[in-house]
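These notes concern the structure reproduced below.
Just so you know, these numbers use all the heavy atoms, side chains as well, and skip hydrogens, waters and symmetry mates. So that the names make sense, note that chain A is the first sequence line, chain B the second, and so on, each numbered from 1.
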Amino acid sequence: MAKSETSSDTARPWQSYHTVYTNAKAGMDGVDKEKVQRIVYEMSKGSKYFENEERKEAFIRQKIETMRARCAKLTATDISHFQMVAEKRILELEAARNLSRIWLHVDMDAFYAAVETLSNPSLEGKPMAVGSMSMISTANYEARKFGVRAAMPGFIARKLCPELIFAPTDFKKYTYYSDLTRKVFQKYDPNFMAASLDEAYLNVTDVCKEKGVTGEEIAKEIRASVFEETGLTCSAGVAANRLLAKVCSDINKPNGQFVLPNNRMAVMTFISSLPVRKIGGIGKVTEHILSDALGINTCEEMLQKGSYICALFSQSTAEFFLSVGLGLGRTDTPEVRLQKSISNERTFSATGDETLLYRKLEEIAEMLSTDMQKEGLCGRTLTLKLKTAAFELRSRAVTSQKHICASKDILKHASKLLKAELPISLRLIGLRMSHLNEERDGVPLDPTQKTLTHFMVSGDASGKDVDEQRSFGHEAHDISDYFVNKEKSDSFTGSHETRHSHRDHLDSNHSSELNGDNCTFDSNAAEMETFHNPSSDVTADKLEGTSCLNTVTNGASLLEGEAEAVSSSGQRELFLWVNDYKCSICGIEMPPDFVEERQEHCDFHLAEKLQKGESSTVFRSSNLRQRVVCKDHIVSQSQRKKRKSSPKEGRHIPIDLFFIKSNQNF
DNA sequence: GAACGAGTTTTTC
DNA sequence: GCAGCGAAAAACTCGTTC
């Protein structure tokens with residue numbers, strides 16, 4: 001089943017170099033695949049990229065070997081068991097087959113390239129690609145004849161086709177034309193699903209009924225209409241579900257369509273010989289695994305080897321493969337398609353220069369923030385993606401309790417993550433925000449998250465006062481030393497380099513304009529909440545860095561929220577970190593960056609008081625508001641793993657238990 | 001064992 | 001002449017916590 005190293009591999013080493021470029025794409029039927037593979041191999045070998053690809057390839061081979069070994073270990077009883085499992089699942093899937101819908105997948109032909117040709121007719125008939133020397137986004141059909149295609153580095157593309165003309169990407173233009181096509185789609189399915197700028201799924205069941213026409217006729221009409229509106233051609237696939245419609249739209253590309261009748265026999269015949277790679281969601285790696293571990297190359301074989309699929313893959317993956325074997329796909333239109341994450345990343349010449357790296361990070365944070373604000377999104381989990389000079393990928397994430405979208409907040413957390421990875425030589429930095437909601441910054445904490453802090457400050461656990469009460473306008477934050485130093489050195493402040501459109505550039509070395517906010521303390525970054533008590537001047541004292549907190553030597557520490565003031569029975573009692581290190585109540589020492597542990601420690605003392613029965617008056621009175629809390633809960637899991645909780649950990653009260661206890665006191 | 005978070009992998013254009 | 005391989009999103013896996 002598996003491909004073993006043969007003598008031809010040694011004689012023609014490029015044959016075992018798996019790239020995505022030999023996968024048949026529309027317009028590439030007559031391409032000399034071996035020649036393309038050889039050129040790609042020869043231009044790549046010896047590079048760091050190539051070495052990394054080889055590492056990845058070896059990893060996949062290992063995975064395949066493991067799977068084959070697992071297959072070999074399956075006993076006859078195992079196989080018969082999994083055969084039954086597969087058959088049962090196939091019957092269930094078959095019972096749910098829905099052939100009542102007519103789905104249309106519309107795919108614009110070489111979209112970016114076609115738009116470029118439209119605006120520059122001299123490109124007509126010439127091989128051209130949209131992109132740059134480092135990477136191309138798409139190629140027209142003339143270029144595809146040479147093996148040039150999307151996701152190929154420009155320098156390889158030029159080697160394959162020396163006449164190749166490059167056009168820079170212009171997303172504004174593509175968006176404009178995309179909008180024109182969408183206006184057409186809208187007429188046929190108001191709930192059409194845009195898959196990308198140049199692709200959409202339309203449920204035309206209703207419109208076919210209304211007009212008394214077939215899916216084929218609607219497809220023709222739509223394609224004609226798109227051409228009329230844009231001057232661009234597209235291809236369409238018509239089938240009973242989205243998965244099949246997508247496969248169908250590729251069959252008669254460009255400027256064609258294919259209709260798969262809505263009957264089981266037609267679907268099964270169509271799917272039987274279909275290579276698995278044609279299915280959306282099955283890419284280079286899955287194809288490789290299915291082929292080399294299980295000998296599965298066509299969709300039909302998914303069913304034939306159902307027992308092995310059920311034995312080797314997770315339930316959801318097995319189910320997907322079996323449904324592919326049956327030619328099943330989604331037939332519904334999801335009511336809401338919520339975006340799960342939003343990200344921005346940039347590649348640049350590999351560097352270990354920390355100043356440069358921080359500058360890049362800052363640019364990306366800025367771009368991400370802009371994108372998020374455009375979309376009206378805020379997120380809780382920030383992931384830093386890094387690609388080392390050796391092309392190895394890493395990611396580090398932090399999850400905050402608060403949804404954020406401001407660049408200064410993003411940068412604050414991103415800086416911490418990056419700082420932990422230094423020194424490092426990088427060629428890419430990316431930032432991704434997930435756990436999105438659609439509300440703006442400053443949303444209240446999720447009321448289901450019953451943190452002690454939240455409970456205390458809101459009084460009624462609703463959290464509604466949190467933002468109103470957040471009053472520190474001049475906090476220091478825990479941003480990396482770099483930004484503090486940067487402000488001092490003024491190496492960026494006041495520079496007014498142009499900010500370019502982030503989508504159009506690879507390897508752009510521009511520096512974004514750095515406004516004062518990014519260099520100075522920001523108002524939200526420390527996430528410090530102050531609840532001012534008219535009878536206490538804690539807030540004012542802190543702001544002025546005087547009197548009651550003068551045991552803390554470092555003024556900045558005060559502003560970082562490293563002090564806690566707890567009021568008890570109207571009598572002010574200070575709880576703070578002496579010398580920014582030592583708990584004033586029990587004397588336990590904890591470094592300043594143990595933010596979460598410190599918070600936990602504060603909570604512990606507070607809970608201790610409550611347990612001693614000292615709490616009721618505190619909670620009943622408005623003095624509750626005078627607690628100054630440090631709420632920076634944002635600590636990466638990796639950091640958490642490294643650090644152990646305070647020695648008092650054993651006495652920590654589970655938060656839910658605490659709620660029960662304190663509610664009893666009310 | 002479900003939910004969640006972090007980190008990795010895969011796919012797509 | 002020379003070196004040189006992207007960006008975005010989501011799924012998946014695994015460990016931790018409750």
Side-chain angles (χ1 to χ4, degrees), chain A residues 19-21 23 25 40 43-53 56 59-60 63 107-108 110-113 130-139 149-159 169 171 174 195-199 246 277 279-289 313-314 316-317 320 337-350 364 367-368 371 380-387 391-400 417 427-436 448-449 502-507 635-641 654-657:
Chain A
T19 70
V20 294
Y21 311 127
N23 173 40
K25 260 216 128 197
V40 172
M43 297 207 70
S44 303
K45 71 175 174 192
S47 67
K48 285 182 176 145
Y49 171 83
F50 182 86
E51 285 167 14
N52 190 56
E53 286 299 297
K56 279 158 62 182
F59 182 75
I60 293 165
K63 205 169 164 181
D107 194 350
M108 302 302 293
F111 184 52
Y112 299 171
V130 175
S132 66
M133 264 308 168
S134 57
M135 189 56 63
I136 60 179
S137 302
T138 194
R149 53 166 291 171
M152 179 178 270
F155 67 90
I156 292 180
R158 174 155 283 176
K159 184 82 176 178
T169 45
F171 278 96
Y174 313 145
S196 62
L197 283 180
D198 67 330
E199 266 183 68
K246 165 115 176 135
R277 184 65 186 273
I279 302 294
I282 298 183
K284 181 184 94 166
V285 175
T286 311
E287 179 192 36
H288 193 172
I289 290 173
F313 296 100
S314 70
S316 61
T317 308
F320 170 66
R337 294 176 67 213
L338 289 178
Q339 189 176 2
K340 292 180 180 167
S341 67
I342 181 165
S343 66
N344 237 297
E345 63 187 56
R346 283 296 169 276
T347 294
F348 41 84
S349 306
I364 293 157
M367 292 191 291
L368 179 62
D371 286 357
R380 280 179 55 224
T381 300
L382 181 72
T383 304
L384 172 73
K385 175 180 170 181
L386 305 173
K387 194 188 274 181
F391 287 83
E392 283 165 7
L393 285 169
R394 275 187 211 178
S395 66
R396 299 287 179 264
V398 285
T399 298
S400 146
L417 294 174
R427 56 173 293 117
L428 173 143
I429 295 180
L431 288 172
R432 166 172 300 271
M433 191 70 82
S434 50
H435 277 124
L436 302 178
T448 59
Q449 286 185 310
H502 64 275
R503 296 202 187 279
D504 302 346
H505 292 78
L506 296 177
D507 202 1
V635 178
S636 74
Q637 196 181 47
S638 54
Q639 282 172 302
R640 255 184 248 140
K641 278 177 192 163
I655 206 73
D656 286 332
L657 259 183

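- Aromatic ring orientation, Y112(A) versus Y174(A): parallel (interplanar angle below 30°, classes split at 30° and 60°).
- Listed nucleotides dG5(B), dA7(C), dA8(C) differ in distance to L428(A); the shortest reach to its side chain belongs to dA7(C).
- Remark: K159(A) pairs with no residue by the side-chain hydrogen bond (donor to acceptor under 3.5 Å, both in side chains) rule, at least two apart or across chains.
- Of all nucleotides listed (dG5(B), dA7(C), dA11(C)), dA11(C) comes nearest to the side chain of K340(A).
- Looking at residues two or more places apart in sequence or on another chain, you find no side-chain hydrogen bond (donor to acceptor under 3.5 Å, both in side chains) involving K387(A).
- Spacing between atom NZ of K246(A) and atom C1' of dC13(B) amounts to 9 Å, rounded to whole angstrom units.
- Rounded to a whole Å, the CD1 atom of I136(A) is 15 Å from the P atom of dA7(C).
- Taking K56(A) as the reference, N52(A), E53(A) meet the side chain to side chain contact (heavy atoms under 4.5 Å, CB included) condition, with sequence neighbours excluded.
- With sequence neighbours left out, S316(A) forms a side chain to side chain contact (heavy atoms under 4.5 Å, CB included) with S314(A).
- The nucleotide whose nearest atom lies closest to any side-chain atom of T317(A) is, among dA9(C), dC13(B), dC12(C), dC12(C).
- Judged as a side-chain hydrogen bond (donor to acceptor under 3.5 Å, both in side chains), and not counting sequence neighbours, the contacts of S196(A) are D198(A).
- Among dG7(B), dG6(C), dA9(C), the nucleotide with an atom closest to any side-chain atom of I342(A) is dA9(C).
- Legend: residues meeting side chain to side chain contact (heavy atoms under 4.5 Å, CB included) with S47(A), ordered by chain and number and at least two apart, are Y49(A), F50(A).
- Closest to the S343(A) side chain, of the nucleotides dA8(C), dA6(B), dG6(C), is dA8(C).
- Within 4.0 Å of T381(A), counting heavy atoms only, lie sugar-phosphate atoms of the nucleic acid but no base atom.
- The distance between atom CZ of R432(A) and atom P of dA11(C), rounded to the nearest whole Å, is 11 Å.
- Considering only residues two or more places apart in sequence or on other chains, F111(A) meets the ring-ring contact (aromatic ring centres under 6.0 Å, His included) condition with none of them.
- Heavy-atom nearest nucleotides on DNA chain C were determined for S314(A) and for K387(A), and the one closer to the 5' end corresponds to K387(A).
- Partners of S434(A) according to the side-chain hydrogen bond (donor to acceptor under 3.5 Å, both in side chains) rule, which considers only residues two or more places apart in sequence or in another chain, do not exist here.
- Listed nucleotides dA10(C), dG6(C), dG5(B) differ in distance to R380(A); the shortest reach to its side chain belongs to dG5(B).
- Nucleotide dA10(C) holds its C1' atom 13 Å from the CZ atom of F320(A), rounded to whole Å.
- Looking at the side chain of E345(A), the nearest of the listed nucleotides dA10(C), dA6(B), dA7(C) is dA7(C).
- Taking atom OH on Y112(A) and atom C1' on dT12(B), their separation rounds to 11 Å, with Å as the unit.
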Contact list (N/O, under 3.5 angstrom) for nucleotides 2-4 of chain C vs protein:
none

Please write out the pairs of protein N or O atoms and N or O atoms of nucleotides 8-11 of chain B separated by less than 3.5 Å, giving the distance to one decimal.
unit_1	atom_1	unit_2	atom_2	d
dT8(B)	OP2	S395(A)	N	3.1
dT10(B)	OP1	K63(A)	NZ	3.3
dT10(B)	O3'	T286(A)	OG1	3.4
dT11(B)	OP1	G283(A)	N	2.6
dT11(B)	OP1	T286(A)	N	3.2
dT11(B)	OP1	T286(A)	OG1	2.2
dT11(B)	OP2	K284(A)	N	3.4
dT11(B)	OP2	V285(A)	N	3.0
dT11(B)	O5'	G283(A)	N	3.3
dT11(B)	O3'	G281(A)	N	3.4

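- Evaluation of the ring-ring contact (aromatic ring centres under 6.0 Å, His included) rule for F320(A) yields no partner, not counting sequence neighbours.
- The distance from atom CD of Q339(A) to atom P of dA10(C) is 6 Å, rounded to the nearest whole Å.
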Give every pair of a protein N or O atom and an N or O atom of nucleotides 1-3 of chain B that lie under 3.5 Å apart, one pair per line with the distance.
none

